[in-house]
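Here's the structure we're looking at; comments come further down.
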Amino acid sequence: MTKVVTSGKTVEDAVEQGLSQLGVSRERVTVNVLEQPSKGFLGWLGVKKAKVELTLLSDPSPETTHAAEHHVSTQAPIVGQAVVPEAEPVMQEVRASKEASTGHADPYEEAVRFIHETAAGMGLDVEVDVRHRKDESILDISGPSLGMLIGRRGQTLDALQYLTNIVANRHSDKFIRIVLDAEQFRARRQKTLEDLADRLANQAIRYGKEVVLEPMPSQERKLIHAKLQQHALVRTYSKGDEPNRRVVIAKK
């Protein structure tokens with residue numbers, strides 16, 4: 001065996017595993033960093049391990065070893081002692097050159113790729129359907145066991161949507177808005193919030209006291225405001241600072 005590919009939490013961990021498999025010391029191999037480690041969002045979403053390729057060097061002849069002792073290049077690094085931190089700048093130059101030759105990447109293709117990679121990091125195999133609307137694009141995620149991807153009250157899906165928008169807009173000349181959905185969660189969540197708004201409005205009327213809801217993201221607060229905007233007996237407003245901003249329902 002002259003070549004192995006190993007992974008680990010860090011590049012050094014991956015290299016050590018490779019050296020153990022080959023049964024050699026560090027100076028007997030060349031190291032090629034295939035993937036840098038990534039902690040992912042919130043420490044677990046989209047986590048990537050480091051991946052390296054170790055290639056065993058051939059045994060040098062005595063003549064070659066002797067000559068090498070008298071002629072050491074000051075410009076080229078020693079092959080057996082690959083400097084791992086230098087790999088990333090090189091890879092960045094390669095990627096930049098590739099992008100320059102192929103033109104701008106499609107923002108929606110990059111968004112879909114990011115979702116696939118993140119889901120794969122969570123052990124999920126998903127499909128993504130892209131639907132364009134006038135002011136936004138819907139990326140509908142389908143597949144088994146999507147509860148983990150949606151999260152409690154859609155918090156994980158919202159976090160993934162936020163990151164997906166960042167990825168897509170890096171590859172777009174103009175601002176684009178992407179909404180992620182999975183298993184029709186957005187429609188079900190809207191129905192839940194609208195029912196909640198009606199129920200709490202009746203409570204505010206019955207007791208004549210303000211009803212303060214739990215903190216919500218801005219898009220969910222907007223649903224509450226919109227539902228009760230034309231209500232004859234109550235009004236709504238928001239108070240507090242993000243991420244603890246809340247909707248308040250009060251009797252007129």
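Hydrogens, waters and symmetry mates play no part in the numbers below; they use all other heavy atoms, side chains included.
- For the side chain to side chain contact (heavy atoms under 4.5 Å, CB included) test, residues two or more places apart in sequence or in another chain that qualify with F175 are N169, R177.
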Assess the residue pair T55 and T2 against the criterion (side-chain contact (heavy atoms from CB on, under 4.5 Å)); give the C-alpha distance rounded to whole Å, side-chain angles, the decisive distance to 0.1 Å, and a yes or no. CA-CA 6 Å; T55 303; T2 61; 5.6 Å; no
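- A side-chain N or O of Q190 and one of E194 form a donor-acceptor pair less than 3.5 Å apart.
- I176 contributes atom CD1, which lies 13.0 Å from atom CG of D135 (distance to the nearest 0.5 angstrom).
- The distance from atom OG of S142 to atom CD of E183, rounded to the nearest 0.5 Å, is 9.0 Å.
- For R26 and E12, the salt-bridge test passes: some basic side-chain N is under 4.0 Å from an acidic carboxylate O.
- From E27, atom CD reaches atom CG of L57 across 9.5 Å, with rounding to the nearest 0.5 Å.
- The CD atom of Q161 lies 9.0 Å from the CG atom of D181; values are rounded to the nearest 0.5 Å.
- Interatomic distance, R186 CZ to L223 CG, rounded to the nearest 0.5 Å: 10.0 Å.
- For residues 119-132, the set of pairs meeting the side chain to side chain donor-acceptor pair (under 3.5 Å) definition, not counting sequence neighbours, comprises H132-S137.
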Trace of the side-chain contact (heavy atoms from CB on, under 4.5 Å) decision for I138 with V130: CA-CA 6 Å; I138 310 296; V130 181; over 6 Å; no
Under the criterion salt bridge (charged side-chain N to carboxylate O under 4.0 Å, His left out), I'd like the reasoning laid out for D158 against R189: C-alpha separation, chi angles, the key distance, then a yes or no. CA-CA 12 Å; D158 287 341; R189 182 62 175 164; over 6 Å; no
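- Using a 4.0 Å cut-off between charged side-chain N and carboxylate O, R199 and D195 make no salt bridge.
- Shown here for I178 and A111, the closest heavy-atom pair between the two residues is CD1-CB, 3.9 Å.
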Only distances under 3.5 Å count here; give the side-chain donor-acceptor pairs of residues 240-252 to other protein atoms, sequence neighbours excluded, each with its distance to 0.1 Å.
residue: E242; atom: OE2; partner: R221; partner atom: NH1; Å: 3.1
residue: E242; atom: OE2; partner: R221; partner atom: NH2; Å: 2.7
residue: R245; atom: NH1; partner: G240; partner atom: O; Å: 2.6
residue: R246; atom: NH1; partner: L213; partner atom: O; Å: 3.4
residue: K252; atom: NZ; partner: H231; partner atom: O; Å: 2.9

